[in-house]
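The structure appears below as structure tokens.
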Amino acid sequence: MTGAADTPLRAALHALRTELGLPDGFPADVLAEAADAARNPVVPGHEDATDLPFLTIDPPTSTDLDQAMHLERRPHGYRVHYAIADVAAFVRPGGALDTEAHHRVTTLYFPDGKVPLHPESLSEGAASLLPGETRPAVLWEIDLDAEGRAETTRVRRALVRSRAKLDYAGVQRQIDAGTAEEPLALLKDIGTLREEQEIARGGISLDVPEQEIVERDGTYGLDYRAPLPADGWNAQISLLTGMAAARLMQESGTGILRTLPVAPDGAVARLRRSAEALRIDWPHHVPYAQVVRSLDPRKTNHAAFLQDCTTLLRGAGYTVFDNGELPTPAVHAAVADLYTHCTAPLRRLVDRYASELCVAAAADRDPPEWVMSALPALPKEMADGTRRANTVERECVDLVEAALLKDRVGTVFDAYVVDVKEQEPTTGTIHIDDPAIVARIEGGTAALPLGERLRVRLTQADPGSSKVLFAPA
């Protein structure tokens with residue numbers, strides 16, 4: 001950011017870091033340990049898989065690359081090679097680096113930088129699956145049949161080398177133009193088959209348009225970003241691996257699952273009322289998942305309903321088991337199967353432990369003691385860290401909204417009412433197309449018209465307080 005006009009936003013972002021007690025850099029002993037680990041990773045037992053031409057798909061500016069894939073055909077199906085950064089090759093259990101990771105739990109993203117889980121010498125250097133570099137990895141090999149169903153799973157430690165760093169938009173262009181060569185072209189084939197398998201088991205992926213903070217002319221703005229098909233195909237590879245990992249844990253009798261209880265009837269009934277108000281066709285005999293798949297996130301009322309659908313995802317958490325019996329609930333309701341997080345260890349603490357559990361299970365041996373001793377505390381650590389990450393994301397968007405609108409208090413905008421509080425029908429949430437704002441509205445005398453266009457007046461926008469507020473015009 002540059003310019004005096006951005007000073008309030010810079011100050012507010014700094015204040016947010018301070019308010020949340022976030023660290024400013026890493027302690028010297030952590031940096032020293034990370035530098036030593038970067039020079040001397042622990043790689044005994046890593047097989048050589050550098051002959052496989054892996055590729056990565058990430059946002060263009062990302063350098064903390066957790067996953068690389070190589071896809072190929074088999075005589076009667078497909079094979080997915082999925083390499084996950086082997087963070088355990090760099091982090092000594094109980095050391096300063098490990099202790100700091102347990103304090104941070106997740107990488108936190110701000111408009112003007114990030115608070116990483118691990119020092120950049122590892123997360124964006126020696127442990128990242130950067131193109132042209134040989135890296136230690138946990139290598140998954142999952143065979144699928146011709147319909148995309150998983151048949152066999154193997155996981156082992158290996159040295160891998162990525163050949164290309166791709167981004168979602170570029171992948172989408174290549175596949176749409178028919179210029180993508182295998183293995184990239186297979187991403188659409190396998191991703192589509194896995195989406196069909198998701199439908200068959202009753203799972204659901206929400207393509208919710210996201211408010212995205214973008215840099216423009218040295219300052220920040222907001223756009224809505226609807227996920228590309230390539231985002232979904234790539235996500236299916238990660239979901240496939242998380243489901244395979246959960247099955248390995250189930251078979252071994254020890255694991256940590258990502259769980260989500262089925263939404264209560266009352267939540268679904270509320271969603272039906274929202275669909276009616278937003279003019280979403282939802283016949284009584286049609287399942288919720290089928291309705292969601294029929295929506296176009298580029299349509300404002302559809303986007304609003306998709307956002308409302310996220311209320312059914314509340315209650316997700318992590319659950320440990322170590323007695324051979326699965327916990328209750330064990331299934332992730334949106335995945336509609338057993339599932340765990342294991343594909344982002346550079347940015348999420350639990351994934352390092354999940355990888356270790358799976359490597360041990362695949363080798364038919366007990367997990368390391370350092371994994372078992374940390375397992376009971378992980379669910380709470382992850383819950384606290386996830387809550388903090390969600391707060392950072394929400395507050396950053398609020399701050400950028402306030403900075404964009406601080407000189408427009410009193411201006412009238414065309415908005416769309418996307419949510420109304422049941423107990424306070426004069427209070428709710430509005431969606432404005434330009435600028436890309438989702439904000440609170442209150443102060444009217446009549447109930448807000450859910451799903452309707454509404455003229456609204458900006459009544460508050462202060463980057464110091466971080467909140468934007470509207471009232472009916």
Side-chain angles (χ1 to χ4, degrees), residues 204 206-212 221-227 263-314 394 397-398 400-402 404-406 408-462 465-473:
I204 182 67
L206 292 177
D207 293 329
V208 182
E210 297 179 351
Q211 273 181 295
E212 186 176 61
L222 288 164
D223 281 338
Y224 293 117
R225 181 184 182 273
D265 290 341
V268 177
R270 178 195 172 281
L271 208 56
R272 277 193 173 275
R273 293 195 297 273
S274 178
E276 183 177 0
L278 290 166
R279 296 180 177 82
I280 303 293
D281 185 26
W282 187 352
H284 280 286
H285 66 280
V286 174
Y288 153 76
Q290 185 175 332
V291 174
V292 170
R293 293 189 192 95
S294 71
L295 302 178
D296 182 351
R298 293 168 296 183
K299 296 180 179 179
T300 305
N301 63 324
H302 288 199
F305 184 68
L306 283 168
Q307 185 63 51
D308 214 10
C309 287
T310 61
T311 59
L312 298 191
L313 303 181
R314 292 171 184 166
R394 183 179 65 251
V397 169
D398 286 346
V400 173
E401 286 182 341
L404 282 174
L405 298 176
K406 64 184 175 62
R408 301 181 70 179
V409 173
T411 302
V412 174
F413 297 83
D414 287 316
Y416 203 95
V417 181
V418 297
D419 189 33
V420 176
K421 284 194 171 184
E422 291 192 47
Q423 304 304 319
E424 302 175 55
T426 59
T427 300
T429 305
I430 56 167
H431 169 125
I432 297 173
D433 285 332
D434 188 17
I437 301 294
V438 177
R440 182 180 174 89
I441 181 170
E442 62 180 38
T445 57
L448 292 169
L450 181 63
E452 299 287 346
R453 288 283 182 183
L454 185 68
R455 298 278 283 173
V456 299
R457 178 174 285 105
L458 179 64
T459 61
Q460 176 182 308
D462 180 4
S465 64
S466 82
K467 300 297 180 184
V468 166
L469 184 64
F470 289 84

Pairs satisfying salt bridge (Lys or Arg N to Asp or Glu O under 4.0 Å), at least one member in residues 408-417, at least two apart
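Counting only pairs at least two positions apart or across chains, the salt bridge (Lys or Arg N to Asp or Glu O under 4.0 Å) contacts touching residues 408-417 are Asp414-Arg455.
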Flag, side chain of His302 to backbone of Leu295, donor-acceptor distance under 3.5 Å:
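No, the answer is negative, given that no donor and acceptor are paired below the 3.5 Å cut-off.
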Could you go through residues 444-454 and list every donor-acceptor pair under 3.5 Å that involves a side-chain atom there, pairing it with any protein atom two or more places apart or in another chain?
residue, atom, partner, partner atom, Å
Glu452, OE2, Arg279, NH1, 3.3
Glu452, OE2, Arg279, NH2, 2.8

Suppose we screen for side-chain contact (heavy atoms from CB on, under 4.5 Å). Which residues come up paired with Gln423, at least two apart in sequence or across chains?
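Partners of Gln423 by the side-chain contact (heavy atoms from CB on, under 4.5 Å) criterion come out as none, since no residue qualifies.
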With sequence neighbours excluded, tell me which residues meet side-chain contact (heavy atoms from CB on, under 4.5 Å) with Ala289.
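Ile204, Arg293.
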Taking all atoms of both residues into account, what is the closest heavy-atom pair of Gly443 and Pro472, and its distance?
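Scanning both residues completely, I find the closest heavy atoms to be C-CD, 4.4 Å.
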Taking all non-hydrogen atoms of both residues, which atom of Ala402 and which atom of Ala461 are closest, and how far apart?
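That would be O-CB, 4.0 Å.
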State the [atom1]-[atom2] distance between [X] and [Y], to the nearest 0.5 angstrom.
X      : Y      : atom1 : atom2 : answer
Asp462 : Leu405 : CG    : CG    : 12.0 Å
Ile280 : Leu306 : CD1   : CG    : 8.0 Å
Leu458 : Thr411 : CG    : OG1   : 6.5 Å

For a 4.5 angstrom cut-off between non-hydrogen side-chain atoms, does Asp398 reach Val468?
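Heavy-atom side-chain distance check fails, nothing below 4.5 Å.
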What residues form a side-chain hydrogen bond (donor to acceptor under 3.5 Å, both in side chains) with Glu442, not counting sequence neighbours?
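side-chain hydrogen bond (donor to acceptor under 3.5 Å, both in side chains) check on Glu442 returns Arg440.
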List in chain and number order the residues that pass side-chain hydrogen bond (donor to acceptor under 3.5 Å, both in side chains) with Arg273, two or more places apart in sequence or in another chain; answer none if no residue qualifies.
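Arg273 satisfies side-chain hydrogen bond (donor to acceptor under 3.5 Å, both in side chains) with Glu422 only.
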Can you list every pair that meets ring pair (Phe, Tyr, Trp, His ring centres under 6.0 Å) and has a residue in residues 264-286, with sequence neighbours left out?
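Residue pairs passing ring pair (Phe, Tyr, Trp, His ring centres under 6.0 Å), neighbours aside: none found.
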Under the ring-ring contact (aromatic ring centres under 6.0 Å, His included) rule, collect the residues that match up with Tyr416, sequence neighbours excluded.
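Partners of Tyr416 by the ring-ring contact (aromatic ring centres under 6.0 Å, His included) criterion come out as none, since no residue qualifies.
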Phe470: partners by ring-ring contact (aromatic ring centres under 6.0 Å, His included), with sequence neighbours left out:
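Phe470 satisfies ring-ring contact (aromatic ring centres under 6.0 Å, His included) with Phe413 once adjacent residues are dropped.
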Which pairs would a plain distance check flag for residues 426-434, meaning a side-chain donor or acceptor within less than 3.5 Å of a matching protein atom at least two apart in sequence or in another chain?
residue, atom, partner, partner atom, Å
His431, NE2, Asp433, OD1, 3.1

